[in-house]
Every structure is written in structure tokens, then in C-alpha cells.
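Each remark here refers to the structure printed beneath this line.
Nothing fancy with the numbering, it's 1 onward along the sequence.
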Amino acid sequence: MNETPSIAAGDRISGRLTFPVEGMTCASCSARVEKVLGKVPGVKAASVNIATEKATVEGEVTWGALAAAVERAGYKAVPPPRAKPTAGPVADRPGSLPLLRRRLIVSAVLTAPVFTLAMLDVMGPVSGGVQWVLTSVVLFWAGWDFFRIAVRLARTGAANMDTLIAMGTGAAYLYSVYALWTGGMLYFETAGVVVTLILLGRFLEERAKVRAGDAVRKLIGLRPRTATVLRGSSEIEVPVEDVAVGDRVVVRPGDRIPVDGVVVEGRSAVDESMITGESMPVTRGVGEAVIGATVNSTGRLLVEASRVGADTALAGIVRMVEEAQGSKAPIQRLADEVAGRFVPAVLVVAAVTFIGWVFWGVGFERAMLPTVAVLVIACPCALGLATPTAIMVGTGKAAENGILVRNAAALELAHRLDVLIVDKTGTLTRGQPSVTDVVVLGDGAPSSVLPSLRLVAAVERYSEHPLGQAIVQHVRGLSAEGVDLLDVEGFESVTGAGVVGRVRLPGSEGPAATLVVGTRELMTARGIPTAPFEAAAGAIEAAGRTAILAAREGVPFAVIGLADTLKETSAGAVARLRKMGVRLILATGDNERTARAIAEALGIEEVIARASPADKLALVQKLRAERKVVGMVGDGINDAPALAAADVSFAIGTGTDVAMEAAGITLIRGDIAKVATAIELSRATLRIVKQNLFWAFAYNTVGIPIAALGLLSPMIGSGAMALSSVSVVTNALRLRRFVPEHPSR
């Protein structure tokens with residue numbers, strides 16, 4: 001297949017675009033690129049992430065204008081594909097690790113003899129010449145990128161950490177060349193060791209950053225490369241890219257399902273843990289949807305493809321995780337602001353250091369070493385990496401737990417939630433009614449429950465009402481083989497009241513019996529007494545459930561209770577959230593009695609019943625006006641306004657697309673217990689971010705004055721600088737071990 005062509009200079013971008021930027025090495029780089037992109041006419045917002053080395057812009061602009069702006073800043077914008085690939089997500093471009101490894105090895109091997117000769121104080125033209133030749137290779141091959149980028153930036157009037165390194169090592173090198181011919185002290189080992197240590201730091205940092213992006217690569221790796229497609233009566237194996245919507249795909253036991261689709265034949269247990277974070281397999285049969293990249297465990301399935309390539313759920317999850325990892329948390333803005341001004345300030349400090357030491361009377365040679373130390377220790381890499389690496393790992397870990405974070409701000413704010421507004425239907429409950437009670441009236445024995453239900457289900461089979469269909473499904477599910485429904489004559493649906501029909505019992509010789517199933521009003525209209533129903537119906541309704549009355553030949557014989565039942569995880573989730581100090585409010589469009597019954601069962605004290613979308617929105621706005629950090633959990637179109645207005649919004653993944661578009665966080669499986677997990681993960685991520693920022697600020701605050709006072713050699717300074725960058729990334733990687741403190745039960 002042909003590769004998707006890249007965007008051309010004249011192509012117009014409308015909306016959001018993410019693309020790689022080459023040449024960025026520190027936070028000051030990302031701050032500069034972000035600044036120039038933000039000034040391009042038509043760009044509404046720009047964000048650059050040093051950890052992912054990608055820029056994201058929103059607006060109406062041509063690719064040529066974006067690329068030119070990045071080039072003027074001294075960097076290179078890599079054009080992304082013109083259209084999303086039909087095969088879905090693809091792996092990242094090959095990283096720089098192999099080249100960094102080669103340069104590090106060469107630099108270390110050549111610097112070792114230079115350092116040895118210097119430490120043994122071996123003097124003479126031969127020793128000096130050897131040090132000169134070896135150090136030249138180290139600087140101008142292994143460390144060439146420092147000088148190349150520094151010169152390129154200098155042409156645009158900019159500077160970054162490469163500028164500091166190039167100036168520091170270049171000064172030590174040039175002075176040593178001069179001293180080689182004049183008989184002064186040589187500092188070739190300083191230049192060589194500094195380059196080697198910085199390359200070591202970059203190599204370790206790059207390797208750690210690769211590990212930080214493991215979550216996305218794991219998701220991408222889940223996609224099968226081939227699919228078995230049914231063509232007529234033949235099964236043909238084709239690349240997954242060639243599967244089209246409507247194709248029927250054969251999935252054998254143990255295979256990954258290659259596309260999103262609907263089961264048209266077969267029944268099997270499917271392991272969806274890699275997508276939803278839930279370990280228990282779920283049973284999927286005819287008519288039920290399956291997700292691409294999940295594992296078919298037991299039976300053979302025939303799946304009709306409904307979404308392929310970039311439109312699959314997996315591709316959408318990958319895009320959402322990448323967008324979240326590329327977005328910025330509010331806490332990062334301080335670091336960006338500091339980093340953007342940092343390098344120019346360091347150059348000033350270095351100049352003052354040099355001039356100060358010269359005026360102190362120590363001479364040019366003695367003044368050079370503290371100046372070089374200031375330049376190499378002052379790199380703001382740790383400052384720039386402190387937040388984005390933690391966000392990368394945190395959002396990746398969230399995806400592994402079935403939580404999709406749309407932006408870093410949502411992840412940061414989640415740990416500060418004061419109030420959580422929770423919808424009922426589809427959020428705390430299953431979102432569909434089910435039979436909860438069956439009461440047979442008169443002298444009916446327990447053995448008459450099934451016959452009574454069969455009678456009711458017979459007439460409800462022709463009804464389109466959800467309550468009627470719930471009764472039918474309940475009866476059919478009473479045994480593994482299912483229950484045959486009786487034939488009905490003269491079916492009649494009474495809008496808003498119930499159904500009527502004539503049913504002939506098996507083996508009965510007489511006329512078909514007339515059944516009336518529905519409300520009290522329907523019973524009264526048909527001349528059927530309602531008093532016999534009242535005890536059973538009243539008890540069912542008092543519990544917040546709906547009571548359906550049934551009469552045969554004018555005689556009451558059963559009351560059936562139905563309700564939208566609670567999800568198994570709802571009670572545990574509410575308990576977890578309350579333990580975490582989150583105030584819960586149940587806001588539902590349902591009636592007061594049902595809402596109170598649900599709230600009482602879960603331990604929620606505040607209830608707002610019959611709440612319209614406008615009421616939910618007003619509640620969010622009222623609480624925010626009280627300076628509360630407000631969260632909203634919902635799944636429907638009616639929840640979208642409140643979701644959009646909340647500080648942190650959680651959409652149930654089994655709900656509507658509108659709700660998910662309005663939310664900052666999506667719970668893939670629709671499990672509200674994941675809200676508590678998201679809060680715990682937010683707390684863990686922000687804890688790591690704050691630790692990283694503290695040490696990054698502390699490192700530069702303490703290190704630069706010590707270097708300027710001449711108490712730190714350039715070699716130790718370069719090692720400390722490299723260690724600081726590696727330490728913040730390594731600290732962020734601790735999030736990979738995150739486990740919810742209070743897992744669902």
C-alpha cells in the first residue's frame with residue numbers, strides 16, 4: 001500500500017494539528033517555538049511539549065506559515081500526514097537513541113585517555129597533541145549538534161542549552177589550543193568530560209522518555225496486522241488495512257478482534273481488559289458490539305465490521321492519550337515562563353562571573369573555569385521536563401485503567417474536587433429497566449410465578465415500551481434454553497397506559513383469555529378493580545420502583561416491579577468518594593421518590609429530582625460561584641451543558657458522543673468507580689510534578705551561585721546537570737507503579 005502523503009506548504013489547516021519539531025533540547029526551546037507559533041496569523045492557540053517533542057496548534061492557517069515560523073526560530077517542523085492513516089495509529093518515528101549511543105561510546109572512549117593524561121599531569125608536546133586530536137573528535141563529531149544548533153539559533157538572535165554547552169566547552173577548547181602553543185595550562189579534559197557527561201545525560205533522559213511513552217506504544221501494539229475476511233464461502237487472510245466497513249471477519253479463539261463491529265454469528269467470552277481496564281471477560285453474542293484489539297477467548301465469532309482503521313475505538317483512544325500527553329497542565333506555565341527567560345539570564349550571569357574574577361585579579365585562565373561551570377550547570381532541562389514527563393506517564397497509566405484523559409488540566413484539577421454532581425440513569429444505574437419483583441395475587445403459589453410471567457410477556461412482546469421489553473427479556477432469560485412465549489390474538493396498545501391481548505393457554509380447549517397489563521388507570525378504564533393490587537403495588541412503589549398490574553378475564557393476578565437497577569460498582573464507588581472527602585449531589589430528571597430511594601441505597605444525602613439540563617447547569621454555576629471545584633458525571637445529551645461547565649467533567653464511555661465530547665475525562669467502561677481512581681491518580685501525578693519542580697528550581701538556585709564562586713568544577717557541574725534531568729524523568733516513571741488505594745469490590 002502507498003504511504004499517506006505529508007502535508008504540503010500550501011495546505012490549509014482547519015482546527016487542530018499536532019506535528020513533530022526537530023532540534024528542541026530544553027524548556028527554553030519549547031518556550032521559543034510556542035511563542036513564535038502563537039504569533040502566526042490565524043493561530044488561536046499553540047502548545048509545545050518538550051517531552052514528546054511535538055507542537056499542537058489550533059486555528060485557520062497554512063502549513064507553510066507554521067513551518068516557516070518554526071524555521072525562523074531555529075528549528076524544523078516535520079510535516080504530518082495529509083490525512084489520518086486508514087490503518088489507524090502507527091508507531092512513532094525511530095528515536096535518536098541509536099545515534100546517541102554511538103556518540104556517547106565514541107566520546108567516552110576518546111575522553112578517557114585525555115582525562116588520564118591530564119590527571120597524571122603528563123606534559124609535553126606529544127601529550128598535548130594527543131589530547132588536542134582526541135578532544136577535537138569528541139567536540140566536533142560526538143558533540144557537533146551542540147555547536148550546530150547554537151550557531152543556527154545565534155543567527156536568529158536566540159539561545160538555548162546548546163548555546164551554553166557550546167560556549168562553555170568551546171571556550172575551554174580554544175583556550176587549550178592557544179595554551180598548547182604558548183606553554184599554558186591545558187583544559188582539553190574539561191571540554192571532553194563535559195561533552196561526555198552531557199551526552200550520557202541525554203542518552204539516559206531519552207531512554208527514560210521512551211519508557212514514559214510506553215502506554216501509547218502498548219496500545220498501538222495491540223492492533224492485529226492481519227484479518228481473516230469471509231469472501232463468499234472462502235476465508236481469506238488480508239492486511240487489516242484492507243478491511244472495509246461491512247466486511248465479515250472471522251475471529252477464532254485466541255485471536256485479537258481486528259476491527260470494531262457487531263457479532264453476526266457465534267458467542268464467546270471476550271477479554272476487553274486492554275481497552276477497558278477490567279480484568280473479567282465479558283460474553284458477546286449475536287447483535288452485540290465488539291471492540292477492535294480485544295481478545296476472543298473461547299468460541300468462534302463472525303463479526304461485521306462497523307468501524308475500521310483510524311475510526312476504531314483503539315485509534316480514538318490512542319489519539320486522545322496523545323493529545324492529553326501533548327497538552328499542558330496549568331502548573332506547567334510557571335516553569336515555561338521561567339525557562340523562556342532562563343538562558344539569556346545565564347549568559348548575563350556567566351559574563352558577570354568572568355568579569356568579576358578578572359577584576360579580582362586572578363587572571364584570564366582562573367576566570368575561565370568558574371565561567372564555564374556556570375554555563376554547563378545552568379541548563380533548564382530538568383525544569384522543562386518536570387511537568388510533561390509526569391503528565392505523559394499519568395495519562396498513559398489512566399488509559400491502562402480504562403480512564404481517558406482529554407487534557408492535562410483535567411488531570412491536574414481532579415485531585416482538588418470539592419463537589420461531584422452525579423447523574424442517575426446510566427451513571428449510577430444500568431440505564432435500562434429490569435424486573436425486580438413478581439407478586440402473584442390471590443392464592444397463587446410460588447410455582448405459578450413463571451406461568452404468570454409468561455402470560456404478561458406474551459402480550460408485552462408486541463409492545464415497544466422499554467418496561468414491556470424488560471419483562472420479555474426477563475422471561476426469556478429464566479432458563480439457559482429460553483422460554484417460548486405464547487401466541488397472542490387481538491393485540492392492542494393503549495398509549496401511556498399499557499397493553500391488551502387475548503392469550504390461549506397451552507392445552508386449553510376454551511376461548512383465548514383476555515389479558516390487561518398496565519397502570520391503575522388502564523385497569524379502571526377496563527372495569528377491573530384496583531384494590532387487590534394496592535398492597536403489593538404500594539410496597540413496590542414505596543421502594544422507588546415502577547409497578548405493572550396484570551389482570552386475566554377481569555381478575556387481578558399479578559404485580560410486577562421494575563426499576564433501573566444500580567450497577568454493582570456504584571455503592572463501592574460512592575463509599576470511596578465520600579472517604580476521600582468529596583461532597584456528592586445526585587441530580588436526576590427522575591421523580592422525587594425514585595431519586596430518594598436510589599440516594600438512600602447509596603448513602604448520598606443531597607438529592608435534586610426532576611432536574612432539567614438547565615437545572616444541572618445552574619447547579620454547576622452556583623457551586624462554582626461559591627468557589628468550589630466542581631465535578632460532573634453524566635452520560636447523556638441532557639448532561640452535556642453541565643459537563644462543559646464543570647471544572648472537571650467525567651463522561652460515561654457507554655453514553656452519548658455528545659457527553660464524551662463535552663467531558664475532560666471519559667470512563668471507558670462506564671464504571672463510576674473509575675472517578676475515584678482518576679482522583680487518586682491525579683493526586684499521585686501532582687505529587688510527582690511538585691517534587692520535580694521543587695528539585696529543578698532548587699538545583700539551579702543552588703548550583704549557579706556555587707559555580708560562580710569557583711567552588712564547582714565544570715566536570716562536576718556537567719555531571720550534576722545531566723543527573724538532574726535524568727532524576728526528574730526517573731521520578732515521573734514511578735507513576736508506572738500506580739495502583740488504586742481503594743480498588744473496586
* **Any residue meeting side-chain contact (heavy atoms from CB on, under 4.5 Å) with E71, in chain and number order, not counting sequence neighbours** => none
* From T56 OG1 over to L17 CG, what is the distance, rounded to the nearest 0.5 angstrom? -> 8.0 Å
* Asked: Hey, are the side chains of I679 and L577 touching, using non-hydrogen atoms and a 4.5 Å cut-off?
  -> yes
* Asked: Any donor-acceptor pair under 3.5 Å linking the side chain of S649 with the backbone of A646?
  -> no
* Salt-bridge present (E680, R683; N to O < 4.0 Å) -> no
* Quick one: pull up CG in N731 and CZ in R687 and give me the separation to the nearest 0.5 Å. => 10.5 Å
* **Heavy-atom closest contact (R32 atom, R72 atom, distance)** => NH2-O, 4.1 Å
* **V40 vs V57 side-chain heavy atoms within contact, under 4.5 Å** => no
* To do: Mind checking salt bridge (charged side-chain N to carboxylate O under 4.0 Å, His left out) for K622 and listing every partner two or more places apart, or none if nothing turns up?
  => E626
* Asked: Do the side chain of R152 and the main chain of G74 share a donor and acceptor less than 3.5 angstrom apart?
  -> yes
* Asked: Roughly how far apart are I291 CD1 and R307 CZ, rounded to 0.5 Å?
  -> 8.5 Å
* To do: Indicate yes or no: does D423 engage K616 in a salt bridge with an N to O separation below 4.0 Å.
  => yes
* **Verdict with reasoning, V629 to R416, per side-chain contact (heavy atoms from CB on, under 4.5 Å)** => CA-CA 7 Å; V629 178; R416 295 174 49 201; 3.9 Å; yes
* **Distance-minimising heavy-atom pair for R734 and I688** => NH2-CD1, 3.0 Å
* Closest non-hydrogen atom pair between A55 and L37, with its separation -> CB-CD1, 3.8 Å
* Would you mind reporting whether F650 and V422 have side-chain heavy atoms less than 4.5 Å apart? => no
* Check the pair L66, V70 against side-chain contact (heavy atoms from CB on, under 4.5 Å), reporting the backbone distance first and the verdict last. => CA-CA 6 Å; L66 296 176; V70 174; 5.6 Å; no
* Got a donor-acceptor contact below 3.5 angstrom from the E58 side chain to the A45 backbone? -> no
* List for me each residue that meets ring-ring contact (aromatic ring centres under 6.0 Å, His included) alongside W63, sequence neighbours excluded, and say none if there are none. => F19
* Residue pair L623, I421: steps toward the side-chain contact (heavy atoms from CB on, under 4.5 Å) verdict -> CA-CA 10 Å; L623 291 167; I421 302 169; 3.9 Å; yes
* Between L681 and I403, is any pair of side-chain heavy atoms under 4.5 Å apart? -> no
* **side-chain contact (heavy atoms from CB on, under 4.5 Å) between R583 and D418, intermediate numbers included** => CA-CA 6 Å; R583 172 186 166 196; D418 298 312; over 6 Å; no
* S682 side-chain N/O to L411 backbone N/O, donor-acceptor pair under 3.5 Å -> yes
* Quick one: are S727 and W695 in side-chain contact, heavy atoms under 4.5 Å? -> no
* Hey, what do you get for CG (N692) to OG1 (T730), rounding to the nearest 0.5 Å? -> 9.5 Å
* Could you tell me which non-hydrogen atom of A46 sits nearest to which non-hydrogen atom of G38, and how far apart they are? => CB-N, 3.9 Å
* Side chain proximity check, L619 to V630, heavy atoms < 4.5 angstrom -> no
* **Any side-chain heavy-atom pair of L693 and V689 under 4.5 Å** => yes
* Asked: What is the minimum heavy-atom distance between H415 and L686, and which atoms define it?
  -> CE1-CG, 3.7 Å
* So, D260 side chain and G292 main chain: donor-acceptor pair closer than 3.5 Å or not? -> yes
* **Spatial distance of atom OG1 (T588) from atom CG (L428) [nearest 0.5 Å]** => 9.0 Å
* Asked: OG1/T395 to CD/E400 distance, rounded to the nearest 0.5 angstrom?
  -> 10.0 Å
* **Atom of G23, atom of I149 and distance for their closest heavy-atom approach** => O-CD1, 3.9 Å
